[in-house]
Amino acid sequence: MPELPEVETMVRGLRPHVVGKKIVAVEILDPKLQNMERTLPLPITVASLSRRGKHILFDFGDQTLVLHLRMSGRVLWSKRRPAGRVRLSLRFADGTVHLVDPRRLGTAEVVRGFSDGLGPEPVGDLSWLPPVVKESRMLIKLWLMDQKKIAGIGNIYAAEILFRAGIAPDRPANSLSRAEVGRLRKAIPAVLEEAIACCGTTLEDGLYRGPNGEIGAFACELAVYGRAGERCRRCGSSIVRTVLAGRGTYACPRCQR
DNA sequence: TCATCCCTGTGG
DNA sequence: CCACAGGGATGA
């Protein structure tokens, strides 16, 4: 579920509660997570909390707790155990971080040194992007969602970025013109930064919330995602849903070529 | 580059 | 009942 803006929202919301604070107890409530190989020596102080792609990193200095929320996970801060399927709890003196994950696809592991195969972050300077995109024969939407190419973009934001750039999702990456790659390069950080400013996207199911219960207001800004059959806000055409690599794919057939 | 699987929940 | 869901590893 959560993509970069949602994970970023969770990390920002959690930071003041956990950085410099001690975890006094860890509770693993889902046997699937027993492969949190190493056990943390408790109590242990959180040196910093950060995001890399869609991963959440609790840094303890020599060890790192890495969470990945996959489709349905979220983290929240509360004094008491929340409703829903809690899989992991990190208890601090004045509250607890809960990993809630109804589909149980999320992962948690303790590692020494987080070495990932992730591509660069999709914010900031993207001058590296045009040459790399022009080299790939992947469909552009799948390229955007490939974490090894660029880290943090998922199904919602791939659709929104491509709408913003005016590019059809099923175009091979190496078929994009110079101008199109230029628009893509600008659209990626623009869409993600707007979404972060909105605290992400809470869909109608309400599954995603920020760690303190915030609603992700970017749902109101979605131009194409989840809008099959509705009017394009720019040209009035009907938004079309297709399937690419098994994922629902939304686009305006007129604005995106 | 794909289908499939991992899981569970929801909605048609 | 079946289709589908903010992700990603795997194997053909």
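Protein chains get the first letters and strands the later ones, always in sequence-line order, with residue 1 at the start of each.
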Note to self: When you compare the side chains of A/His68 and A/Thr107, does any donor N or O come within less than 3.5 Å of an acceptor on the partner?
What the structure shows: no

Next item on the list: Answer yes or no: does a side-chain N or O of A/Lys54 lie under 4.0 Å from OP1 or OP2 of C/dG8?
Entry: yes

Next item on the list: Would you classify A/Arg74 as touching base, sugar-phosphate or nothing, given that sugar-phosphate means primed atoms plus P, OP1 and OP2, and contacts are heavy atoms under 4.0 Å?
Entry: nothing

Notebook entry, point to check: Given C/dG6, B/dT1, C/dG8, which nucleotide is nearest the side-chain atoms of A/Met71?
Noted result: C/dG6

Item checked: C1' gap between C/dA5 and B/dT1, integer Å -> 23 Å

Checklist line | Residues in contact with DNA chain C, drawn from residues 200-209 of chain A - heavy-atom cutoff 4.0 Å | finding: A/Leu203, A/Asp205, A/Leu207, A/Tyr208

Item checked: Rounded distance in Å - CG (A/Asp146) to P (C/dG7) -> 13 Å

Item checked: Side chain of A/Gln147 - closest among C/dG8, B/dC7, C/dG6 -> C/dG8

Notebook entry, point to check: What integer number of Å spans the P atoms of B/dC7 and C/dG11?
Noted result: 16 Å

Checklist line | Glycosidic conformation of C/dG7, taking syn as within 90° of 0 and anti otherwise | finding: anti

Next item on the list: Report yes or no: is the cationic atom of A/Arg234 (NZ for Lys, CZ for Arg) under 6.0 Å from the centre of the six-membered ring of A/Phe163, at an angle within 45° of the ring normal?
Entry: yes

Next item on the list: Would you check if there is a donor-acceptor pair between the side chains of A/Tyr157 and A/Thr201 at a distance under 3.5 Å?
Entry: yes

Notebook entry, point to check: In terms of heavy-atom contacts, does NZ of A/Lys22 have more than 12 from other residues, nucleotides or ligands at under 6.0 Å?
Noted result: no

Note to self: My validator wants the stems of DNA chain B: runs of 3 or more consecutive Watson-Crick or G-U pairs, both distances under 3.5 Å, written as range with range.
What the structure shows: B:1-6 with C:7-12, B:8-12 with C:1-5

Notebook entry, point to check: Whole Å only: how far is the CG atom of A/Leu244 from the C1' atom of C/dG7?
Noted result: 16 Å

Next item on the list: Would you check if the side chain of A/Arg52 reaches a backbone N or O of A/Ile56 as a donor-acceptor pair within less than 3.5 Å?
Entry: no

Check: Is there a path of hydrophobic side-chain contacts, each under 4.5 Å between heavy atoms of I, L, V, M, F, W or Y residues, that connects A/Ile153 with A/Met138?
Finding: yes

Notebook entry, point to check: Just by modelled atom types, is the A/Val133 backbone N or O under 3.5 Å from a matching donor or acceptor in the A/Ser136 side chain?
Noted result: no

Check: How is A/Gly154 classified with respect to the nucleic acid when contacts are heavy atoms under 4.0 Å: base, sugar-phosphate, or nothing?
Finding: sugar-phosphate

Check: Which atoms form the tightest heavy-atom contact between A/His55 and A/Leu118, and what is the distance?
Finding: CD2-CD1, 3.6 Å

Next item on the list: Return no unless some side-chain N or O of A/His68 is found under 4.0 Å from OP1 or OP2 of C/dG7.
Entry: no

Margin query: Parallel, tilted or perpendicular, judged at 30° and 60°: which one describes the rings of A/His17 and A/Trp77?
Written below: parallel

Next item on the list: Could you state the atom-to-atom distance from CG of A/Leu67 to P of C/dG7 in whole Å?
Entry: 17 Å

Notebook entry, point to check: What is the distance from NZ of A/Lys149 to C1' of C/dG8, rounded to the nearest Å?
Noted result: 15 Å

Next item on the list: Please report, rounded to the nearest Å, how far the P atom of B/dA3 is from the CG atom of A/Leu142.
Entry: 11 Å

Margin query: Applying a 4.0 Å non-hydrogen cut-off, can you work out what A/Glu3 is touching in the nucleic acid: base, sugar-phosphate, or nothing?
Written below: sugar-phosphate

Item checked: Residue whose closest nucleotide on DNA chain B lies nearer the 5' end, A/Arg70 versus A/Arg85 -> A/Arg70

Checklist line | Rounded distance (Å) that lies between atom P of C/dG6 and atom CD1 of A/Ile161 | finding: 15 Å

Margin query: What is the separation between atom CD on A/Glu221 and atom P on C/dG6, rounded to the nearest whole Å?
Written below: 20 Å

Check: Which part of the nucleic acid, if any, lies within contact of A/Pro2, taking any heavy atom under 4.0 Å across all strands shown: a base, the sugar-phosphate backbone alone, or nothing?
Finding: base

Next item on the list: Round to the nearest Å and state the distance from A/Leu105 atom CG to C/dT10 atom P.
Entry: 15 Å

Notebook entry, point to check: What does A/Arg247 touch in the nucleic acid at a heavy-atom separation under 4.0 angstrom: a base, only the sugar-phosphate, or nothing?
Noted result: base

Checklist line | Sequence neighbours excluded, every pair satisfying salt bridge (Lys or Arg N to Asp or Glu O under 4.0 Å) that has a member inside residues 131-141 of chain A | finding: none

Next item on the list: Indicate, with yes or no, if the rings of A/Phe58 and A/Phe114 have centres closer together than 6.0 Å.
Entry: no

Check: Between the base of B/dC7 and the side chain of A/Arg103, is there any donor-acceptor pair under 3.5 Å?
Finding: yes

